[in-house]
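Here is the structure we will look at.
If you read the sequence from its start, that first residue is 1, and numbering goes on from there.
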Amino acid sequence: AKTFAIFFMVIIHVIEEMSTVNTEILPTGTLNNLVQFFAGPMAAPVFIFAMGIGIVYSRHQEPIELLRRGIKLFLVAFVLNIVRDVIPRLLVCAISGAMPEWHEFRYQLFCVEVLHFAGLAFMLTALLRKLRVPIWGLIPIGIVMQIVGNTLSETYAPSGVTEILLSYIYKAGDLSYFPIMNWYLSLAVGMVAGTLIKKYNDRMDRVYRSAFWIALSLQSGFMLSCSH
């Protein structure tokens, strides 16, 4: 699942960067719509959910190890922004003789991508581990963060440096794609799922079969209700 999520995220970024189609409107064509669906509402939550499972199965479970990994990921995210966006833009400006514009570099350097989220999520998880918060406590914490993040994004829109800083916490503006408050719940659910899988590994075949039939029943009921 994580592999497919990464694949579709790569594909959609290539389409958005290389295509001449206006990506602000709904694309046409079955294949394009499928890519938009699997790369949009499906890819990122699945990727972050799988990240949560990966944390549970990691050999480095100590808070200090999670903190170190979080700091490294957070710094790597900025390096990626510089290599992927800032340097190419500087080269274009140097070749064309155009003056670089601050709002472009502001977006390219400080845009909050999934690696920024991963870094902050590892650091927050390290703190919660240090505070001995039980694994089940992560979900209510994630729910509260989601509610607060959504509320702030609708009620408080900062500007300038404040916007840049708060964009890593909640969706404070156009810089923020993966703020921690709006996405930590997916990671928390993944960590709980990973804990259950690890604990009941010998019984997972029965769990998978039960989940399949329950999902099939729900989907069938949904399709029947839509047909009337």
Inset, instruction - Go through Tyr57 and Ile197 one step at a time and tell me if the side-chain contact (heavy atoms from CB on, under 4.5 Å) criterion holds. - result: CA-CA 10 Å; Tyr57 275 86; Ile197 293 171; 3.3 Å; yes

Inset, instruction - Check whether any side-chain heavy atom of Met191 sits under 4.5 Å from a side-chain heavy atom of Met51, and report yes or no. - result: no

Legend entry - Pi-cation contact, Tyr177 with Lys171 (under 6.0 Å, within 45°): yes

Inset, instruction - Answer with yes or no whether the hydrophobic clustering places Leu131 together with Ile135; edges join I, L, V, M, F, W, Y residues whose side-chain heavy atoms lie under 4.5 Å apart. - result: yes

Inset, instruction - Would you check if Tyr170 and Thr151 make a side-chain contact, meaning some heavy-atom pair closer than 4.5 Å? - result: no

Legend entry - Atom of Val56, atom of Lys198 and distance for their closest heavy-atom approach: O-NZ, 3.3 Å

Inset, instruction - Please say whether more than 12 non-hydrogen atoms of neighbouring residues, nucleotides or ligands are located less than 6.0 Å from CD in Glu62. - result: no

Legend entry - Side-chain touch Met123/Ile71, heavy atoms, less than 4.5 angstrom: yes

Inset, instruction - Nearest 0.5 Å please: distance from the CG atom of Leu124 over to the CD1 atom of Ile180. - result: 4.5 Å

Inset, instruction - Look at the side-chain heavy atoms of Ile, Leu, Val, Met, Phe, Trp and Tyr, link any pair under 4.5 Å apart, and say whether Ile164 and Val79 land in one connected group. - result: no

Legend entry - Leu115 side chain near Leu80 side chain, heavy-atom distance below 4.5 Å: yes

Inset, instruction - Examine distances only and state if a side-chain atom of Glu113 and a backbone atom of Ala77 form a donor-acceptor pair shorter than 3.5 Å. - result: no

Legend entry - Hphob cluster co-occupancy, Tyr168 + Leu75, side-chain heavy atoms under 4.5 angstrom: yes

Inset, instruction - Drop me the distance from Ile53's CD1 to Leu187's CG, to the nearest 0.5 angstrom. - result: 10.0 Å

Legend entry - Distance in Å, Asn182 CG paired with Phe117 CZ, rounded so as to fall on 0.5 Å steps: 10.0 Å

Inset, instruction - Let me see the working for Ile141 and Leu128 under side-chain contact (heavy atoms from CB on, under 4.5 Å), right down to the final yes or no. - result: CA-CA 10 Å; Ile141 289 174; Leu128 296 175; 4.0 Å; yes

Legend entry - Atom pair CD1 (Ile169) and OG (Ser176), whose distance is rounded to the nearest 0.5 Å: 9.0 Å

Inset, instruction - Using the side-chain contact (heavy atoms from CB on, under 4.5 Å) rule, take Gln61 and Arg129 through it: C-alpha gap first, then chi angles, then the decisive distance, then the call. - result: CA-CA 9 Å; Gln61 295 286 330; Arg129 285 276 176 89; 2.9 Å; yes

Legend entry - Pair Gln108-Arg84, side-chain donor/acceptor within less than 3.5 Å: no

Inset, instruction - Determine the minimum heavy-atom distance between Ile82 and Leu109, stating which atoms define it. - result: CG1-CD1, 3.6 Å

Legend entry - Non-hydrogen side-chain atoms of Phe47 and Ser186 separated by less than 4.5 Å: no

Inset, instruction - Go through the steps for His116 and Phe178 under the test ring pair (Phe, Tyr, Trp, His ring centres under 6.0 Å), then give the verdict. - result: CA-CA 8 Å; His116 295 95; Phe178 292 95; 9.7 Å; no

Inset, instruction - Look at the side-chain heavy atoms of Ile, Leu, Val, Met, Phe, Trp and Tyr, link any pair under 4.5 Å apart, and say whether Leu90 and Val92 land in one connected group. - result: no

Inset, instruction - Measure the spacing between OG of Ser58 and CZ of Phe122 and express it to the nearest 0.5 Å. - result: 7.0 Å

Legend entry - Stepwise side chain to side chain donor-acceptor pair (under 3.5 Å) test for Tyr184 and Thr125: CA-CA 10 Å; Tyr184 191 77; Thr125 303; 2.9 Å; yes

Inset, instruction - Verify the cluster assignment for Val76 and Ile55: are they in a single hydrophobic cluster under the rule of side-chain heavy atoms below 4.5 Å apart? - result: yes

Legend entry - Minimal non-hydrogen separation, His60 against Arg69, with atom names: O-NH1, 4.2 Å

Inset, instruction - Measure the spacing between CD1 of Ile139 and CD of Gln146 and express it to the nearest 0.5 Å. - result: 12.5 Å

Inset, instruction - Check Pro63 against Ala126 and note the closest heavy-atom contact, atom names and distance. - result: O-CB, 3.2 Å

